[in-house]
Q: 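Structure below; questions to follow.
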Amino acid sequence: MEKQYEISAEVMDRIESICAIGNTKEEKECIKRYLLEIITDVRSVVDFDYHDIYTTFWGGGKVTAFEVAASADDELRMHHLVEQIRQKCAQIAPFSKMILYLMCCDKCMLKMDEVNELNDWFSTLDNNLDIRWGFSKNCEDNLQAIVLVQK
């Protein structure tokens, strides 16, 4: 089933309410842009819809968002991507929920050992951390990740 591009006013209102908690106008716009990118991505393989986002973040604290990237040609691209995520998350910690959305291009598809490296990092995090992740082939020449965490 292909995702719809059109987002209803009700969904936009709820996204706005998730973004607004404790965030500046600039942070709110960044979070909203990332959420809409994830929700409307028609090339996603493991995807999120609005309800996934809403049930993850509704009723919680401040949401923080960032994006990281590593070169598709880099043999250690997942290691570098995970290290960037780890460093940024350390600056935000503690947090209780995370959405991680990976994006790569058709020519740089992920390998199982790369996914294992991500899983190894997940295993070092708090067992009570609610982590949800998705995957898309919607990228140009990098391995990228959008990360959203909630206090």
Side-chain angles (χ1 to χ4, degrees), residues 1-70 72 77-78 81-82 84-106 108-112 114-140 142-151:
M1 184 168 106
E2 190 165 305
K3 292 184 185 182
Q4 299 175 359
Y5 286 101
E6 195 170 318
I7 303 292
S8 73
E10 177 187 0
V11 169
M12 284 304 299
D13 286 345
R14 291 189 175 183
I15 287 173
E16 292 277 349
S17 67
I18 290 169
C19 298
I21 300 171
N23 287 306
T24 66
K25 182 179 178 180
E26 293 79 21
E27 290 169 333
K28 178 182 168 183
E29 289 303 314
C30 178
I31 294 165
K32 183 168 70 172
R33 180 173 42 90
Y34 287 144
L35 288 176
L36 290 173
E37 184 175 343
I38 291 169
I39 291 169
T40 61
D41 186 353
V42 296
R43 296 200 60 207
S44 59
V45 177
V46 178
D47 66 350
F48 290 99
D49 64 15
Y50 158 72
H51 296 287
D52 297 322
I53 303 292
Y54 185 73
T55 57
T56 300
F57 290 144
W58 181 248
K62 178 180 178 177
V63 174
T64 303
F66 60 89
E67 187 173 20
V68 295
R77 63 190 182 169
M78 183 59 84
L81 193 79
V82 168
Q84 290 176 62
I85 296 169
R86 181 188 333 244
Q87 289 173 2
K88 290 188 181 266
C89 284
Q91 296 169 1
I92 300 166
F95 49 88
S96 60
K97 298 175 183 178
M98 173 189 285
I99 288 179
L100 174 71
Y101 195 66
L102 295 170
M103 297 170 285
C104 69
C105 59
D106 286 331
C108 68
M109 293 301 291
L110 290 177
K111 300 174 189 140
M112 187 55 77
E114 291 176 311
V115 175
N116 287 338
E117 185 160 352
L118 182 62
N119 188 51
D120 290 346
W121 176 63
F122 285 162
S123 70
T124 68
L125 300 172
D126 184 338
N127 288 338
N128 295 320
L129 178 63
D130 180 7
I131 302 174
R132 298 178 189 217
W133 67 281
F135 172 73
S136 172
K137 297 186 292 182
N138 186 18
C139 181
E140 294 181 16
N142 292 324
L143 175 60
Q144 297 176 313
I146 295 173
V147 182
L148 298 109
V149 296
Q150 185 175 53
K151 296 267 186 192

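Just so it is clear, the structure is predicted and the values come from calculations on it, not from any experiment.
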Q: Do V147 and K88 pass the side-chain contact (heavy atoms from CB on, under 4.5 Å) test, and can you show the C-alpha distance, the side-chain angles, and the key distance before you say yes or no?
A: CA-CA 10 Å; V147 182; K88 290 188 181 266; over 6 Å; no
Q: Show me, pair by pair, the donor-acceptor contacts under 3.5 angstrom made by side chains of residues 61-68, not counting sequence neighbours?
A:
none

Q: If you compare all heavy atoms of C89 against all heavy atoms of F95, which two are closest, and at what distance to 0.1 Å?
A: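 Smallest heavy-atom distance, with atoms named: O-CE2, 3.6 Å.
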Q: Between E27 and G22, which heavy-atom pair has the shortest distance, and what is it?
A: OE1-O, 4.2 Å
Q: Any side-chain heavy atom of L148 within less than 4.5 Å of one from I38?
A: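 Yes, at least one pair of side-chain atoms sits under 4.5 Å.
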Q: Are any non-hydrogen side-chain atoms of L118 and L102 less than 4.5 angstrom apart?
A: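 They are in side-chain contact.
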Q: Ignoring hydrogens, what is the shortest heavy-atom contact between R77 and K111? Give both atom names and the distance.
A: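 Taking every non-hydrogen atom into account, NH2-N, 4.5 Å.
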Q: Is R14 paired with E10 through a side-chain N to carboxylate O contact shorter than 4.0 Å?
A: yes
Q: Under 3.5 Å, side chain of Q150 to main-chain N/O of F57, donor-acceptor pair present?
A: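 Yes, the answer is positive, given that a donor and an acceptor are paired below the 3.5 Å cut-off.
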Q: Roughly how far apart are I31 CD1 and I15 CD1, rounded to 0.5 Å?
A: 11.5 Å
Q: More than 12 foreign heavy atoms under 6.0 Å from NZ of K151: is that the case here?
A: yes
Q: Would you check if I99 and D52 make a side-chain contact, meaning some heavy-atom pair closer than 4.5 Å?
A: no
Q: How many angstroms lie between CG in L143 and CE in M103, if you round to the nearest 0.5 Å?
A: 9.0 Å
Q: To the nearest 0.5 Å, what is the distance between CD (Q144) and CG (L81)?
A: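 Those atoms lie 9.0 Å apart.
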Q: For T56, which residues count as a side-chain hydrogen bond (donor to acceptor under 3.5 Å, both in side chains) partner, sequence neighbours excluded?
A: R132
Q: Quick one: closest heavy-atom pair of L100 and A145, and the distance?
A: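 Of all heavy-atom pairs spanning L100 and A145, the closest is CD1-CB, 3.9 Å.
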Q: Less than 4.5 Å apart, side chain to side chain, heavy atoms only: is that true for T124 and D120?
A: no
Q: Check N128 against D126 and note the closest heavy-atom contact, atom names and distance.
A: N-OD1, 2.8 Å
